[in-house]
Amino acid sequence: MKYKVKIVKVPFGENKGKVLYYPASTNKPEVININRLAKEIEDLSSLSRGDILNVLSNLEKVAINHLREGHSVKLGDLGSFRTAILGKSAETAKEVTAAKVSRIRIAFTPSTTMKKEINPTAITLEKLSDSEE
């Protein structure tokens with residue numbers, strides 16, 4: 001994983017005006033699509049790319065259906081998806097209706113295994129340009 005160095009000038013406080021450097025995500029990481037995932041899984045297994053795409057497509061549909069029903073969907077060592085309802089408050093329980101829901105958010109929580117696998121020791125530093133040093 002690559003990261004860049006972000007330069008921040010402290011806007012207030014005792015360090016006002018001081019320049020600090022932080023690690024930050026790259027602006028445009030490569031997006032790995034479902035076709036590429038299927039090809040890589042095909043190379044690791046005895047399944048065809050078409051079979052893998054079929055399974056992944058059906059996984060999307062089934063997971064979405066379970067999330068619509070309010071269930072959490074755990075995908076092994078990847079982690080879990082769940083929905084969270086955000087809405088407006090009311091004076092009484094009777095006033096709380098679907099109309100009070102402002103949005104439904106989908107949250108992802110990585111598994112402990114994933115957190116261990118994606119760690120800072122796997123990061124490589126991109127060189128700063130001369131103007132940023």
Residues M114, I118; criterion side-chain contact (heavy atoms from CB on, under 4.5 Å); working and verdict: CA-CA 6 Å; M114 179 178 263; I118 309 296; 4.1 Å; yes
Mind checking whether I41 and V55 sit in one hydrophobic cluster, side chains of I, L, V, M, F, W, Y counted as touching below 4.5 Å? no
Going by the rule side chain to side chain donor-acceptor pair (under 3.5 Å), which residues pair with S80 if we only count those two or more places apart in sequence or in a different chain? none
I'd like to know if L37 and L47 are part of one continuous hydrophobic network [Ile/Leu/Val/Met/Phe/Trp/Tyr, side-chain heavy atoms within less than 4.5 Å]. no
Side-chain donor-acceptor distances from residues 61-76 under 3.5 Å, at least two apart:
from: N65; atom 1: OD1; to: R68; atom 2: NH1; distance (Å): 3.2
from: N65; atom 1: ND2; to: K61; atom 2: O; distance (Å): 3.4
from: E69; atom 1: OE1; to: H71; atom 2: NE2; distance (Å): 3.3
from: S72; atom 1: OG; to: F81; atom 2: O; distance (Å): 3.3

Establish whether I106 and F108 are linked, either directly or via other cluster members, by ILVMFWY side-chain heavy-atom contacts under 4.5 Å. yes
Rounded to the nearest 0.5 Å, what's the gap from CG on N15 to CG on L20? Could you check? 6.5 Å
Please walk me through it: do T83 and R105 pass side chain to side chain donor-acceptor pair (under 3.5 Å)? CA-CA 6 Å; T83 55; R105 190 172 64 87; over 6 Å; no
How many angstroms lie between CG in L53 and NZ in K39, if you round to the nearest 0.5 Å? 11.5 Å
Ignoring hydrogens and geometry beyond distance, is a side-chain donor-acceptor pair present between T92 and E95 at under 3.5 Å? yes
For R36, does its backbone N or O pair with a side-chain atom of N33 as donor and acceptor, under 3.5 Å? yes
With sequence neighbours left out, the residues meeting side chain to side chain donor-acceptor pair (under 3.5 Å) with E42 are none
Within a strict 4.5 Å, meaning less than it, do heavy atoms of the R49 and N35 side chains meet? yes
Hey, is CD1 on I34 packed in by over 12 heavy atoms from elsewhere, all under 6.0 Å? yes
Please check if the side chain of N119 supplies one atom and the backbone of K116 the other of a donor-acceptor pair under 3.5 Å. yes
Check: V101 and L86 side chains under 4.5 Å, non-hydrogen atoms: no
Does the side chain of I52 come within less than 4.5 Å of S45's, by heavy atoms? yes
Taking it one step at a time, do D51 and S48 satisfy side chain to side chain donor-acceptor pair (under 3.5 Å)? CA-CA 5 Å; D51 289 339; S48 73; 3.2 Å; yes
